[in-house]
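The chains referred to below are lettered A, B, ... by the order of the sequence lines, with proteins before strands, and numbering in each begins at 1.
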There are 2 protein chains.
Amino acid sequence: MATDKRKNARGFGALTIYETLRDEILSLEMQPGELVDESRLATRFGVSRSPVREALVRLVSESLLQTLPNKGTIVAQLRIQEFPQYVDTLDLVQRAASRLAAEVRSDRGLELIKEAQQRFVDAVKANDVLGMILCNRDFHVAIAQATNNKYLEEAYAQLLDDGRRFLRLYFKSYGDVLPVELLGGHDNLIAAIEARDPERAERYAREHTIEMQQRFLSYLGSRQMTGYSVEY
Amino acid sequence: MATDKRKNARGFGALTIYETLRDEILSLEMQPGELVDESRLATRFGVSRSPVREALVRLVSESLLQTLPNKGTIVAQLRIQEFPQYVDTLDLVQRAASRLAAEVRSDRGLELIKEAQQRFVDAVKANDVLGMILCNRDFHVAIAQATNNKYLEEAYAQLLDDGRRFLRLYFKSYGDVLPVELLGGHDNLIAAIEARDPERAERYAREHTIEMQQRFLSYLGSRQMTGYSVEY
DNA sequence: GTCGACATTTTAGTCGACAAATAAGTCGAC
DNA sequence: GTCGACTTATTTGTCGACTAAAATGTCGAC
């Protein structure tokens, strides 16, 4: 718990804390259910409780934290029994976004998607699990942005963020080794979007989701129980 | 700006302010682009700036407010040119939720939907526009809850809230008089969910969206320009 | 040993005040 | 009269302290 103060600039306090905590939660660095202490965070970041509080309020409103009435604040539980429902919803939105992106994408949008994919590939090659998960999210968000539909983009981004903890849990269980199969997973989708072929884009989007689902479910079937599924 | 203090109970300050402001924003009582002043709100609610700030942070994170760096906080713009994209996304999620609800709804879930519909009907009969908009939202959220899919429910609820301002704008333009046609709009959908008929549920959900879209677009075509479309 | 009342501790919520940053207003040089 | 530097004012972001409420711990009666 080193006091890592980065910028003393006005307004950077709350934002930095928010982003740091958010990252730590989504990467499972902070475990679900873990108690979060305001004053401890204040000393850790070398600031007072006010900016910490601001960050926490934001995280609570995004359901990444949960305030137990008069009992404290904890990291939101990760309910793996909700995974099937999660995948259902992700599939719905992912297909719609990919299809729409293929229909209306601009050249610039396609370019951004390819750039995101490049960063994803780099992360996989470097065996950087956290970076890969983040770049995977950014890749799909780039597709969402290419749809030019703010509402779809927001809903999709929200879902993708929710999924980061599931992915982290999965890869953690395999010793954080990234299989090379991941490298090609996005290429067909990109090609379909480039060719402005909505049907193909939707099909590959669906395949991509299903493959992820298969992996995760087979992992769930074989794994030992962890504490992550505890409700309260 | 009467100092309406309701509960001095601990913790009720921030929550009350949040809910009040949220309502005022979604009902267009606070106009898009309007400047929000922390200290003014503090005096209005008879509290200090801290709870006000907490409420504002939350509203910002929900994109209902927007902080201009070192310039103040304003009510988020309502971009009516985004309405088509909004409807696209709403239709997508609404169809999925209605279909899924028809598939998996419990008796209790159906009951809650019918109760929500009853409140909706009451509001329409009372010509209570704000109440109707809220009950319409709650009705659809009840459907989402019947799907037993937290992720779908959250995404749907978010969209429905986003839409409240569009609806408000629409009815305001017609002198806040509610047409009786609204009364029957949900009945077919309820029947389909009750009969566990996903196809029908999806079809009626779609019809419901399209009707709303038609109304709004014809209104847009005929209306005078307001300030609501201003970007910044 | 058990139960209940009381004290203690912890932590969230609130407060008033200060500091930084920007925008607006003012004055003077040219 | 116009431009630029300076001052002022407004408003945010931050701080440290106070307070209330709950959980925990302690003690004594029975």
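Rounded to an integer number of Å, the gap from CZ of B:Arg58 to P of C:dG13 is 11 Å. Atom C1' of nucleotide D:dT10 and atom CZ of B:Arg40 are separated by 12 Å, given to the nearest angstrom. Computed from coordinates, the A:Ile74 CD1 to C:dT11 P distance equals 15 Å when rounded to whole Å. Distance B:Leu68 CG to D:dT11 P: 14 Å, rounded to the nearest Å. The distance between atom CD1 of B:Ile17 and atom P of C:dG13, rounded to the nearest whole Å, is 13 Å. As rounded to whole Å, 4 Å separates atom P of C:dA12 from atom CD of A:Glu38. The distance from atom CG of A:Leu35 to atom P of D:dA23 is 13 Å, rounded to the nearest whole Å. Residue A:Leu65 contributes atom CG, which lies 11 Å from atom P of C:dA12 at whole-angstrom precision.
B:His140 and B:Tyr156 have perpendicular rings, their planes meeting at more than 60° on a 0 to 90° scale where under 30° would count as parallel.
When only modelled atom types and interatomic distance are considered, A:Asn149 and A:Thr147 share no side-chain donor-acceptor pair under 3.5 Å.
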Hey, mind stepping through A:Arg164 and A:Asp23 against side-chain contact (heavy atoms from CB on, under 4.5 Å) and telling me if it holds? CA-CA 10 Å; A:Arg164 281 171 65 181; A:Asp23 238 44; 3.4 Å; yes
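At a threshold of 4.5 Å between non-hydrogen side-chain atoms, the residues A:Met30 and A:Leu21 count as touching. The shortest distance between side-chain heavy atoms of A:Leu110 and A:Ile193 falls below 4.5 Å.
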Fill in the dot-bracket string of DNA chain C, one character per base: . for unpaired, | for a pair to another strand, ( ) or [ ] for pairs within the strand, taking Watson-Crick or G-U pairs under 3.5 Å. ||||||||||||||||||||||||||||||
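Partners of A:Glu19 according to the salt bridge (charged side-chain N to carboxylate O under 4.0 Å, His left out) rule, which considers only residues two or more places apart in sequence or in another chain, do not exist here. Under the salt bridge (charged side-chain N to carboxylate O under 4.0 Å, His left out) criterion, B:Glu103 pairs with B:Arg99, not counting sequence neighbours. For the side chain to side chain donor-acceptor pair (under 3.5 Å) test, no residue two or more places apart in sequence or in another chain qualifies with A:Asp88. By the salt bridge (charged side-chain N to carboxylate O under 4.0 Å, His left out) test, A:Glu54 pairs with B:Arg53, sequence neighbours left out.
Against DNA chain D, the stretch residues 47-57 of chain A makes heavy-atom approaches under 4.0 Å through A:Val47, A:Ser48, A:Arg49, A:Ser50, A:Pro51.
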